[in-house]
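A short write-up of the structure that comes next.
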Amino acid sequence: MAFPFFLLLLVFFFPFSESKLALDYYKKSCPDFEKIVRETVTTKQMSNPTTAAAALRLFFHDCMVEGCDASILVASNAFNKAERDADINLSLAGDAFDVIVRAKTALELSCPGIVSCSDILALATRDLVTMVGGPFYPVRLGRKDSLVSQVSRVQGNLPTTNMTVDVMIGFFASKSFTVQEMVALMGAHTIGFSHCSDFADRLYSYSKTSPTDPAFHPKYAEALKKLCGNYTKNPSLSAFNDAMTPAKFDNMHYLNLQRGMGLLTSDGVLFNDPRTKSFVQLYAKNQIAFFNDFAHAMEKLSVYGIKTGNKGEVRHRCDAFNSIQT
């Protein structure tokens with residue numbers, strides 16, 4: 001019997017691992033899954049308003065390093081130095097790890113051994129984004145948790161704050177994201193904060209002729225200098241990524257870029273390059289367009305490099321493999 005043509009097309013367009021995912025994956029095995037995650041993140045966000053931005057960054061850092069598999073959650077032990085201990089991950093906020101642990105604990109009491117940490121992280125991130133005003137997007141479920149988490153795998157798999165547009169475009173292209181998807185994902189900087197050390201070079205040592213990056217709005221630069229003046233002695237000093245509406249997920253980030261108020265080098269350059277400028281302008285004037293594109297990019301990100309079947313496991317604890325890795 002001939003293989004039906006339409007089934008052949010489905011196999012061609014959808015990787016087999018992604019085809020195992022489903023919106024209602026836990027409908028029978030853990031029917032309260034979404035309710036438990038939603039209640040957990042709501043409680044956490046209300047008590048710690050920076051949780052949404054922290055979780056969004058944690059999710060991005062997890063997915064970019066060999067897929068959305070909760071490898072970022074694994075703690076190092078005597079036998080293995082895990083991803084979360086890479087230098088670039090040391091600034092990931094504890095609130096993000098905490099909300100996932102809380103959700104996992106509640107789910108283990110309700111349906112033990114069923115829900116993966118990677119699915120919890122994916123859904124919690126979506127729920128937190130919508131809680132602070134961002135767009136809703138569907139999250140397909142059924143990921144398995146990684147069997148590996150090694151600090152050596154992080155280098156080169158995460159973007160840095162001082163990347164040029166050329167390097168950023170190449171980086172995202174290597175992960176199969178278009179330029180427009182890259183610019184949309186960068187809109188995540190509409191919430192959260194960055195440590196002064198991440199942009200101090202733009203304030204104090206930009207070049208031999210200009211210590212301050214001339215792309216900064218002068219008054220914005222002066223305010224940042226006052227805020228970060230003691231950053232070498234106090235490394236916790238930080239600034240909101242979006243100085244105008246820091247707790248609201250909106251399109252203000254792109255408006256700020258046009259005003260010379262892009263905090264990080266990787267933000268500011270988006271308005272100066274013709275390959276990215278048109279998308280910045282579009283999202284600055286049209287929040288609906290930004291929300292639609294961000295939602296689509298996040299949905300695409302959420303299935304990047306996922307593990308299913310025997311390529312992963314459902315961890316009992318999110319910070320440890322089910323068996324010790326030696």
Side-chain angles (χ1 to χ4, degrees), residues 37-65 68-76 81-106 117-134 149 151 154 157-162 185-200 224 227-228 231 234-243 245-250 253 263-264 266-267 294 298 301-302 317-320:
V37 171
R38 184 170 58 251
E39 290 176 349
T40 303
V41 302
T42 299
T43 300
K44 179 68 177 179
Q45 176 66 20
M46 289 177 67
S47 61
N48 299 81
T50 60
T51 302
L56 184 52
R57 184 169 180 240
L58 181 68
F59 182 61
F60 181 81
H61 278 229
D62 180 49
C63 293
M64 285 290 103
V65 181
C68 305
D69 57 8
S71 53
I72 190 66
L73 303 179
V74 174
S76 296
K81 191 172 183 181
E83 278 179 34
R84 66 194 289 178
D85 284 327
D87 288 345
I88 197 170
N89 287 331
L90 294 178
S91 61
L92 292 170
D95 283 331
F97 291 95
D98 181 64
V99 73
I100 303 306
V101 170
R102 292 187 186 198
K104 177 64 171 175
T105 301
C117 300
S118 48
D119 274 346
I120 296 171
L121 179 55
L123 191 68
T125 299
R126 193 278 310 278
D127 287 354
L128 284 162
V129 166
T130 58
M131 274 191 67
V132 293
S149 178
V151 69
V154 176
N157 276 313
L158 285 170
T160 58
T161 58
N162 60 355
L185 287 172
M186 297 280 280
H189 288 170
T190 186
I191 54 176
F193 60 87
S194 295
H195 290 96
C196 292
S197 57
D198 289 331
F199 54 87
L224 290 174
L227 176 66
C228 296
Y231 84 95
N234 184 0
S236 66
L237 287 176
S238 57
F240 288 120
N241 293 326
D242 172 2
T245 57
K248 182 181 179 183
F249 196 102
D250 54 20
H253 174 66
L263 186 62
L264 305 173
S266 54
D267 290 326
F294 180 82
M298 284 298 291
L301 174 66
S302 72
R317 288 174 50 116
C318 290
D319 63 352

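For the numbers below, each heavy atom of this structure counts, side chains included, while hydrogens, waters and symmetry mates do not. Bear in mind that the values here come from a model prediction, so they are computed numbers and not experimental data.
- By the 4.5 Å heavy-atom criterion applied to side chains, R126 and F59 are not counted as neighbours.
- A donor-acceptor pair under 3.5 Å is absent between the side-chain atoms of S118 and the main chain of A70, judged by distance alone.
- A donor-acceptor contact under 3.5 angstrom links the side chains of S91 and R57, judged on distance only.
- S194 places none of its side-chain heavy atoms less than 4.5 Å from the side chain of T161.
- Using a 4.5 Å heavy-atom threshold, the side chains of D198 and H195 count as touching.
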Could you walk me through whether L58 and L73 pass the side-chain contact (heavy atoms from CB on, under 4.5 Å) check?
-> CA-CA 9 Å; L58 181 68; L73 303 179; 3.9 Å; yes
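- With rounding to the nearest 0.5 angstrom, the CG atom of L185 is 7.5 Å from the CE atom of M64.
- Rounded to the nearest 0.5 angstrom, S238 OG and L263 CG are separated by 9.5 Å.
- By the 4.5 Å heavy-atom criterion applied to side chains, V65 and N89 are not counted as neighbours.
- In summary, the side chains of D242 and T245 do present a donor paired with an acceptor at a separation below 3.5 Å, with no hydrogens or angles considered.
- Ring geometry for H253 against H189 counts as perpendicular: the plane angle is over 60°, on a 0 to 90° scale with 30° as the lower cut.
- The OG atom of S266 sits 12.0 Å away from the CZ atom of F199 when rounded to the nearest 0.5 Å.
- In terms of heavy atoms, C63 sits closest to L301 at CB-CD1, 3.6 Å.
- Here the closest non-hydrogen pair linking S76 and A82 is OG-N, 2.8 Å.
- To the nearest 0.5 Å, atom CG of residue D95 and atom OG1 of residue T51 are 4.0 Å apart.
- Within the 4.5 Å cutoff, side-chain heavy atoms of D62 are placed close to those of S71.
- The structure places CG of D69 at 11.5 Å from CG of D119, a figure rounded to the nearest 0.5 Å.
- Across all their heavy atoms, L56 and M298 have their closest contact at CD1-CE, 3.6 Å.
- Across every non-hydrogen atom of A55 and L128, the tightest pair is CB-CD1, 3.5 Å.
- Side-chain N/O atoms of N48 and T50 include no donor and acceptor closer than 3.5 Å.
- When every heavy atom of H61 is checked against every heavy atom of I88, the shortest pair comes out as CE1-O, 3.8 Å.
- Between atom CG of residue L227 and atom CZ of residue F240 there is a gap of 9.5 Å, rounded to the nearest 0.5 Å.
- You'll find the side chain of Q45 stays beyond 4.5 Å of the side chain of D127, heavy atoms only.
- Residues E83 and V74 fail the side-chain proximity criterion, which asks for heavy atoms closer than 4.5 Å.
- When all heavy atoms of A124 and I100 are compared, the pair lying nearest together is CB-CD1, 3.9 Å.
- In this structure the side chain of L92 reaches within 4.5 angstrom of the side chain of I72, judged on heavy atoms.
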